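These notes concern the structure reproduced below.
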Amino acid sequence: MRILVIGGSGHIGTFLVPRLVRAGHDVVTISRGTRLPYADAPEWRQVEQVVADREQEDRDGTFAERVVRLRPDVVIDLVCFTLESADQLVAGIRGHVAHLVNCGSVWRAGPSRVLPVTEQDSAPPFGEYGVEKDRIARMLKAVDADGELVTTSLHPGHISGPGWVPIGPIGNLDLGVWQALSSGGTVLVPGLGAESMVHVHADDVAQAFQLAVEHREAAAGEDFFVTARDALTVRGYATLGASWFGLEPVLEHVSWERFRDELGADAADTSWEHLVRSHAVSVDKAARLLGYAPRYTAGETVLEAVRWLVEHDEVAVARPMTV
């Protein structure tokens, strides 16, 4: 098939595009051209890469026209964040494209009530990001039901892997936590540390997108959570992270008020956004209908990311990793 990947040089596209090429597909990407893929691969030499500013072309009402001119059989949209943008794309490609596969987010589910969370029993979302991803997914399901365009929505967890900073043990991107865990320093934990996070390796997300494309009939009109099979609690993640340096974590459980005072509002708000949801989701639906089989556990996913940061001097640690 001829497959167009919108946002092909980002986290998911870095792994997805080479996968699609190896599978024999004709692949085109659209990106702003401001960065290279996180990992080089020879398959990129077979990819047609188009530079475009989607946000500007959405404002101009021309982006969907560009997509149609590229003549794809399948469109994989990795960078759609508003219902308005999704509506424009759908309106423009109806009748021209066989299948639209959209990247949503596990945050379309609100704070967990029953674990594991499934696609059928998730709580209503909150916050602009989660609400928009949920609105897009619902719109796409309705479009598929109309019969004019096959659609599928995939909802990844916290995407991680080599080349970027993972969501850390206290639910934010503060690299100082790795200095503390590697030195035996104290890590402040808001509350009990029993809240959970759902990480997923970018290559496992790429696997799910490839499967959705190649199993269109099973994927039609469906939405899927895409994460590792397990989830990490705050204290479990901290224990695991410290063990990579041969240590046990030193955790101090504090109130959210003190946590905010010590870390600052931005870092504390990011932590709250991740931990208040306390997600652990089921990937059984994706496994059953698509054959999704994540290669990485949550722990292996973040280990690979942290190891990359250490090896490339992107994070300061007190001692060498033991794994």
Side-chain angles (χ1 to χ4, degrees), residues 5 7-23 35-41 43-44 76 78-79 101-109 116-117 133 153-169 171-173 175 177-178 196-214 224-234 236-238 240-241 243-244 274 277 279-287 290-312 314-315 321 323:
V5 182
S9 62
H11 294 345
I12 302 169
T14 291
F15 293 89
L16 174 60
V17 169
R19 273 180 166 271
L20 295 174
V21 172
R22 289 194 297 270
R35 66 182 177 194
L36 296 173
Y38 289 90
D40 191 22
E43 291 84 2
W44 282 95
I76 297 176
L78 301 178
V79 288
V101 186
N102 179 269
C103 184
S105 169
V106 73
W107 278 13
R108 76 167 301 194
V117 180
K133 289 293 190 180
S153 300
L154 301 184
H155 299 279
H158 311 316
I159 302 171
S160 192
W164 63 92
V165 179
I167 296 298
N172 62 31
L173 298 170
L175 292 174
V177 70
W178 300 109
S196 56
M197 293 165 275
V198 282
H199 291 80
V200 60
H201 196 287
D203 189 51
D204 282 333
V205 181
Q207 175 203 153
F209 273 91
Q210 180 182 352
L211 288 167
V213 168
E214 296 178 348
F224 302 94
F225 285 136
V226 180
T227 70
R229 288 194 179 277
D230 56 349
L232 293 169
T233 65
V234 171
Y237 191 175
L240 182 63
S243 75
W244 300 335
H274 286 86
R277 290 171 168 84
H279 283 151
V281 307
S282 170
V283 296
D284 287 351
K285 181 180 177 181
L290 303 181
Y292 175 60
R295 292 177 53 208
Y296 296 86
T297 66
E300 291 166 345
T301 296
V302 292
L303 170 59
E304 189 166 298
V306 173
R307 181 185 286 125
W308 188 96
L309 293 173
V310 171
E311 290 176 348
H312 290 78
E314 297 289 333
V315 60
M321 299 183 76
V323 291

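Since we're looking at a predicted model, the values are computed, not measured. Count residues from 1 along the sequence.
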Minimal heavy-atom distance between Gly13 and Pro18, with the atoms involved, is O-CD, 3.8 Å

Only counting residues at least two apart or in another chain, list the ones meeting ring-ring contact (aromatic ring centres under 6.0 Å, His included) with Phe15. His201

Is the shortest heavy-atom distance from the side chain of Leu154 to the side chain of Val205 under 4.5 Å? no

Contacts of His274 that satisfy side chain to side chain donor-acceptor pair (under 3.5 Å) - sequence neighbours left out: none

Under 3.5 Å, is there a donor-acceptor pair between the side chain of Trp164 and the main chain of Ile159? yes

Please enumerate all residues that pass ring-ring contact (aromatic ring centres under 6.0 Å, His included) together with His155, with sequence neighbours excluded. none

Kindly compute the distance separating CZ (Phe225) from OG (Ser153), expressed to the nearest 0.5 Å. 11.5 Å

Using salt bridge (charged side-chain N to carboxylate O under 4.0 Å, His left out) as the criterion, list what pairs up with Asp203, not counting sequence neighbours. Arg19, Arg295

Main-chain N/O of Ala228 paired with Asp204 side-chain donor or acceptor, under 3.5 Å: no

Under the salt bridge (charged side-chain N to carboxylate O under 4.0 Å, His left out) test, residues paired with Arg22 that sit two or more places apart: Glu43

Show the nearest heavy-atom pair for residues Pro169 and Val177, with the distance to one decimal. CD-CG1, 3.9 Å

Scanning both residues in full, the closest heavy-atom pair of Asp230 with Ala298 reads OD1-N, 2.8 Å

Applying salt bridge (charged side-chain N to carboxylate O under 4.0 Å, His left out), name anything that partners Arg229, two or more places apart in sequence or on another chain. none

Is the closest side-chain heavy-atom distance between Val234 and Met197 below 4.5 Å? yes

Could you check whether any side-chain heavy atom of Ile167 comes within less than 4.5 Å of a side-chain heavy atom of Tyr237, counting everything from C-beta outward? no

Arg108: which residues meet the salt bridge (charged side-chain N to carboxylate O under 4.0 Å, His left out) condition with it, sequence neighbours left out? Asp134, Asp223

Flag the pair Leu303 / Met321 as yes when at least one side-chain heavy-atom distance between them is below 4.5 Å, and no otherwise. yes

Closest heavy-atom pair, Ala109 versus Val117, reported as atoms and distance to 0.1 Å, is CB-CG1, 4.4 Å

At their closest point, which heavy atom of Pro166 faces which heavy atom of Val302, and how far apart are they? CB-CG1, 4.3 Å

Would the distance check show the side chain of Lys133 and the main-chain N or O of Cys103 forming a donor-acceptor pair, the cut-off being under 3.5 Å? yes

Do Tyr292 side-chain atoms and Thr227 backbone N/O form a donor-acceptor pair below 3.5 Å? yes

CA sep, side-chain torsions, deciding dist, call: Phe209, Leu20, side-chain contact (heavy atoms from CB on, under 4.5 Å): CA-CA 10 Å; Phe209 273 91; Leu20 295 174; over 6 Å; no

Taking side chain to side chain donor-acceptor pair (under 3.5 Å) as the test, write out the residues that go with His199, two or more places apart. none

Flag side-chain contact, heavy atom, 4.5 Å: Thr301 against Val200: no

Tell me every residue that passes side chain to side chain contact (heavy atoms under 4.5 Å, CB included) with Ser243, counting only those two or more places apart in sequence or in another chain. Leu240

Apply side chain to side chain contact (heavy atoms under 4.5 Å, CB included) to Ala231 and list each qualifying residue two or more places apart in sequence or on a separate chain. Ser196, Val198, Ala280

Hits for ring-ring contact (aromatic ring centres under 6.0 Å, His included) against Trp308, two or more places apart or cross-chain, chain-then-number order -> His312

Residues forming a side chain to side chain contact (heavy atoms under 4.5 Å, CB included) with Val79, sequence neighbours excluded: Ile6, Arg54, Asp77, Phe81

For the residue pair Val310 and Val315, establish whether any side-chain heavy-atom pair is separated by less than 4.5 Å. yes

